[in-house]
Amino acid sequence: MTDVHIAGIAMTKLGKFVDRTVKDLTGEVVDGVLKDAGLERKDLQAAWFSNTRQALMEGQNSIRGQVALRAAGIDGIPIVNVENACASSSTGFNQAVNAIVAGACEVALTVGAEKMVYPHADKDAVFRTFLGGMDVTAVDATRELFKNMGSGTPPDDEGTNRTIFMDMYAATAREHMKQFGTTAEQIAHAAAKNHFHSTMNPLSQYQNDMSVEEVLADKPILWPLTRAMCAPVSDGAAAAILVSGDFARKKNLSRTVKVRASVLVSGRDRPVDDFSAHVGRRAAGLAYERSGLSPDDVDVVEVHDATSFGEILQVENLGLCGPGEGGPLTESGATTLGGKVPVNPSGGLVSKGHPIAATGIIQLHELVTQLRGEAEKRQVEGARVGAAENGGGFVGVEDAATTVTLLEASQP
């Protein structure tokens, strides 16, 4: 099978940038990724572009990729618009990998660009955009399902201070606590760790260290979650250039990272307490099977911690520990820099930021930086294999879409 490599990768600093545009953010990462890969615009043969908010907030729909990439000097080639909730750009990445494997192209550009902060939109308007990431005909039924999941303090308001996805994560956390004994303190350990990691990432939206006690004492969102356990609203973009092994060898590209697996699956109905059938576990199993790797081979991990409970669940799904052991693993320090398997050395979504459609490639940016040995203060010593899990949307009781990507620091 054709081998596929990441030849270049780039991202913007994340934050709330009222005066920046999707075109502006896209242009920055296109310039950056071409420079990182040592390639030119004329080398690009196809592109996949991801964005989820521009149609809702600006009225720019249907051809977002053609508009943003044309402004960045890219046209003429096939441009595919990919929208798959928080997994949008990792889905575009997956499709680009498949295109190269199929022989449809040798060089593919993937971009995720998101603008979530607008001067004309208040917080409630931004929160309402999240409803489209679930079945809009079943919002009331879904809220009722969440209220009845797990144990502990139930929701007692209508969710006006948060997105509905916080209800989903809090409900799943309560179910996990009921079944496995996971604690709010363990979730706070995951958050505090990532706030610490972000102090070493200059591209992170927030770079403030927080203790476990400070995380627990932060503003309550929905039990057991506090604000410091939840990802912020963010603007930002990222891009990656994928190439075939033959192209990399022909061009003598020297800083490539090999794609060992790129898997995309969708959620399905399952009992709320059956974590063994979780969409993230299914995606990870396929990725390991297709790559010939195992959890024991993984040195560094980026997971989709839209809330810090999500990290605890996903380290279990990736096989870094057994079911129900994600809390104790995190609390032990094993997932902190210097530990057995560092998770989210970038700072994770909760501190680095979460520009929805860009997050998938942003996760891969951290892995590529680590596997190239260029992460400086947050470098994972000897990192050779990296894993990323990226989930998006919500159907039933789990993510609507999940990708798992495995990368290896090897030359073509």
Side-chain angles (χ1 to χ4, degrees), residues 146 149-154 165-198 209-218 220-231 270-281 284 295-296 298 300-351 387-389 391 397-399 402 404:
F146 294 158
M149 284 176 64
S151 59
T153 305
F165 282 82
M166 296 303 101
D167 294 60
M168 178 269 288
Y169 275 110
T172 309
R174 294 194 301 271
E175 186 64 39
H176 200 270
M177 296 166 94
K178 176 182 177 182
Q179 186 172 158
F180 298 112
T182 304
T183 67
E185 287 75 16
Q186 290 168 343
I187 300 172
H189 270 277
K193 167 185 67 70
N194 289 341
H195 287 289
F196 165 64
H197 286 172
S198 74
D209 197 3
M210 294 187 75
S211 68
V212 170
E213 293 74 23
E214 288 171 327
V215 170
L216 289 168
D218 202 10
I221 299 299
L222 185 63
W223 195 85
L225 304 177
T226 67
R227 180 175 55 185
M229 300 175 184
C230 302
R270 61 170 175 83
V272 297
D273 59 352
D274 185 7
F275 288 99
S276 67
H278 193 278
V279 61
R281 183 174 292 269
D296 291 338
V298 176
V300 58
V301 176
E302 287 283 309
V303 298
H304 192 89
D305 63 324
T307 73
S308 296
F309 168 73
E311 177 173 320
I312 285 175
L313 178 60
Q314 297 305 337
V315 296
E316 296 174 8
N317 286 338
L318 288 170
L320 304 183
C321 60
E325 296 176 359
L329 180 77
T330 303
E331 193 172 26
S332 75
T335 61
T336 304
L337 280 167
K340 181 180 179 182
V341 185
V343 176
N344 286 335
S346 66
L349 280 60
V350 298
S351 196
E389 174 276 330
V397 296
E398 64 182 13
D399 305 82
T402 293
V404 170

[atom2] on [Y] to [atom1] on [X], rounded to 0.5 Å:
{"X": "D218", "Y": "L225", "atom1": "CG", "atom2": "CG", "result": "11.5 Å"}
{"X": "H304", "Y": "T402", "atom1": "NE2", "atom2": "OG1", "result": "8.5 Å"}
{"X": "T182", "Y": "E325", "atom1": "OG1", "atom2": "CD", "result": "10.5 Å"}

Non-hydrogen side-chain atoms of [X] and [Y] separated by less than 4.5 Å:
{"X": "E316", "Y": "R281", "value": "yes"}
{"X": "T226", "Y": "L216", "value": "no"}
{"X": "R174", "Y": "P224", "value": "yes"}
{"X": "M166", "Y": "L222", "value": "no"}
{"X": "M229", "Y": "I221", "value": "no"}

Subject >> side chain to side chain contact (heavy atoms under 4.5 Å, CB included) evaluation trace for V397 with M168 >> reply: CA-CA 8 Å; V397 296; M168 178 269 288; over 6 Å; no

Kindly give the heavy-atom pair with the smallest separation between [X] and [Y], and that separation in Å.
{"X": "A171", "Y": "F146", "value": "CB-O, 3.5 Å"}
{"X": "E302", "Y": "P345", "value": "OE2-CD, 3.1 Å"}
{"X": "G338", "Y": "P342", "value": "N-CG, 4.3 Å"}
{"X": "V315", "Y": "G326", "value": "CG2-CA, 3.9 Å"}
{"X": "M210", "Y": "E214", "value": "CA-OE1, 3.3 Å"}
{"X": "A387", "Y": "V298", "value": "CB-CG1, 4.0 Å"}

Please name all residues satisfying side chain to side chain contact (heavy atoms under 4.5 Å, CB included) with [X], sequence neighbours left out, ordered by chain then number.
{"X": "A231", "value": "L349, H354"}
{"X": "S332", "value": "A334"}
{"X": "E213", "value": "S211"}
{"X": "V303", "value": "V301, E311, Q314, L318, V343, N344, E389"}

**OP:** Given side chain to side chain contact (heavy atoms under 4.5 Å, CB included), test H278 with D399 step by step and report yes or no.
**Re:** CA-CA 9 Å; H278 193 278; D399 305 82; 3.5 Å; yes

Quick one: list whatever passes side-chain hydrogen bond (donor to acceptor under 3.5 Å, both in side chains) with [X], sequence neighbours left out.
{"X": "T307", "value": "none"}
{"X": "S351", "value": "H195, S198"}
{"X": "D274", "value": "S276"}

**OP:** Please collect all ring-ring contact (aromatic ring centres under 6.0 Å, His included) contacts where either partner lies in residues 312-349, sequence neighbours excluded, each pair once.
**Re:**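 Pairs touching residues 312-349 that pass the test: none.
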
**OP:** Would you list the pairs meeting ring-ring contact (aromatic ring centres under 6.0 Å, His included) in which at least one residue belongs to residues 305-324, sequence neighbours left out?
**Re:**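 Output for this query lists H176-F309.
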
Side-chain donor-acceptor pairs under 3.5 Å in residues 184-191, sequence neighbours left out?
unit_1 : atom_1 : unit_2 : atom_2 : d
Q186   : OE1    : T183   : N      : 3.1
Q186   : NE2    : E331   : OE1    : 3.2

**OP:** Just do the side chain to side chain contact (heavy atoms under 4.5 Å, CB included) check on T172 and F275 with the steps written out, would you?
**Re:** CA-CA 10 Å; T172 309; F275 288 99; 3.8 Å; yes

**OP:** Quick one: do Q179 and D273 satisfy side chain to side chain contact (heavy atoms under 4.5 Å, CB included)? Show the steps, please.
**Re:** CA-CA 8 Å; Q179 186 172 158; D273 59 352; 3.6 Å; yes

Subject >> Set of residues satisfying salt bridge (charged side-chain N to carboxylate O under 4.0 Å, His left out) with respect to E398, sequence neighbours excluded >> reply: R270, R282

